[in-house]
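Notes follow the structure.
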Amino acid sequence: MLSILEVGAGTGALSRAIAARMGPNDTLTCVERNPRLAEYLRREIGADPALRACAERIVIHQADIVDLAAAERYDVIVVGLPFANFTEDETRAICATLDGVLEPGGCITYFSYLGGTAVDWFVGDRHRRHRRGSARALAEFRARFRQDRVKVWTNLPPAYAWMLTKPGAAQPDPVYGAGISRTEPITA
C-alpha cells in the first residue's frame with residue numbers, strides 16, 4: 001500500500017497518470033491551491049475513467065501545501081509546482097513541509113525546466129531573483145536526499161525530472177515485492 005501526495009494537481013494531468021498506475025490499496029491525496037482548479041479536479045473524478053476507477057481512494061484538498069496539517073505521512077510525493085515562480089523563502093517553506101510529511105525511504109519527484117539562465121536574459125529582475133533564490137533553496141533541499149534526475153526532452157519546454165529519496169528504511173512495493181521501490185518519474 002502506497003500513500004501518494006500530489007502537490008499542485010492543477011487540472012489533473014499527473015493525477016490521471018498516477019491513478020492509472022495505482023495499486024488496489026494505494027491512496028492519492030491531491031493538493032491544489034487554486035479553488036477553481038480544485039473544483040475542476042473534483043468534477044473530473046466522476047468523469048475521467050482513470051480517476052473514477054479509484055475515486056474512493058482519492059482525496060482533494062483545496063489548500064496551500066504549507067497550510068495543510070502534517071497529520072498524514074506519504075510514501076511518494078509528486079510535485080507539479082513551478083518552483084521558479086516562488087521566492088526563496090516560499091520554496092524553503094514548501095520544502096520543509098514536504099520533508100515533514102515524507103516517510104523515511106520515501107520519494108519526492110518534481111520538475112525543473114532546462115534553460116533557466118537563458119530565460120534570465122528576457123525577464124525582469126524580480127523573476128530572476130525568484131528563480132535564483134528558489135534554485136538555491138532546492139539545491140540545499142536536494143542535498144539531504146539521495147538524488148537522481150533525467151532530462152525529459154519531450155516536455156515543452158524541456159525539463160529535468162528530479163527523484164529524491166529520503167534516507168531511512170525502504171518502503172516495500174506491494175506490486176513488485178519487498179525491498180523494491182518504484183522511483184521512476186511518472187509522465188503524463
Side-chain angles (χ1 to χ4, degrees), residues 2-10 14 17-18 21 28-33 61 63-121 123 125-155 157-173 176 178-188:
L2 288 176
S3 180
I4 306 162
L5 172 65
E6 182 186 9
V7 181
L14 285 174
I18 294 166
R21 292 165 175 82
L28 173 61
T29 302
C30 300
V31 177
E32 174 52 55
R33 180 169 71 175
H61 294 287
D64 189 312
I65 186 61
V66 298
D67 296 331
L68 197 63
E72 198 72 31
R73 302 278 291 185
Y74 299 93
D75 303 303
V76 177
I77 301 175
V78 178
V79 183
L81 298 176
F83 280 113
N85 293 346
F86 296 112
T87 66
E88 185 170 352
D89 289 342
E90 290 168 330
T91 301
R92 287 183 194 287
I94 293 166
C95 290
T97 300
L98 297 176
D99 192 25
V101 299
L102 184 65
E103 288 282 1
C107 180
I108 295 176
T109 299
Y110 75 94
F111 69 93
S112 63
Y113 295 122
L114 278 86
T117 53
V119 172
D120 283 350
W121 289 96
V123 296
D125 286 339
R126 181 174 176 225
H127 183 271
R128 187 177 305 116
R129 282 192 308 274
H130 283 187
R131 190 192 65 72
R132 289 179 179 165
S134 181
R136 202 171 23 253
L138 286 169
E140 291 170 12
F141 180 63
R142 284 192 308 266
R144 301 195 312 260
F145 293 81
R146 190 181 83 229
Q147 49 185 295
D148 193 15
R149 73 177 184 189
V150 295
K151 288 182 183 172
V152 183
W153 293 107
T154 55
N155 193 69
Y160 286 116
W162 288 91
M163 292 141 300
L164 309 178
T165 303
K166 189 173 186 172
Q171 300 297 313
D173 186 293
Y176 299 108
I180 301 172
S181 61
R182 290 180 281 184
T183 58
E184 303 84 27
I186 295 176
T187 55

Min side-chain heavy-atom separation [X]-[Y] under 4.5 Å:
| X | Y | result |
| --- | --- | --- |
| Tyr74 | Glu103 | no |
| Leu102 | Phe145 | yes |
| Cys107 | Arg146 | no |
| Tyr110 | Val7 | no |

Can you name the residues that form a side-chain contact (heavy atoms from CB on, under 4.5 Å) with [X], not counting sequence neighbours?
| X | result |
| --- | --- |
| Thr91 | Phe83, Phe86, Cys95, Ser134, Ala137, Leu138 |
| Arg144 | Asp99, Phe141 |
| Asp148 | Met163 |
| Thr97 | Ile65, Val66 |

Between [X] and [Y], which heavy-atom pair has the shortest distance, and what is it?
| X | Y | result |
| --- | --- | --- |
| Ile108 | Leu98 | CD1-CB, 4.1 Å |
| Ala161 | Val152 | CB-CG2, 4.1 Å |
| Asn155 | Pro157 | ND2-O, 2.6 Å |

Residues forming a side chain to side chain donor-acceptor pair (under 3.5 Å) with [X], sequence neighbours excluded:
| X | value |
| --- | --- |
| Glu140 | Arg92 |
| Glu32 | none |
| Arg136 | Glu88 |
| Thr29 | none |

How long is the straight-line distance from [atom2] of [Y] back to [atom1] of [X], given to the nearest 0.5 Å?
| X | Y | atom1 | atom2 | answer |
| --- | --- | --- | --- | --- |
| Glu90 | Asp64 | CD | CG | 8.5 Å |
| Ile4 | Thr109 | CD1 | OG1 | 10.5 Å |
| Glu6 | Ile18 | CD | CD1 | 4.5 Å |

### More than 12 heavy atoms of other groups within 6.0 Å of Arg33 CZ
no
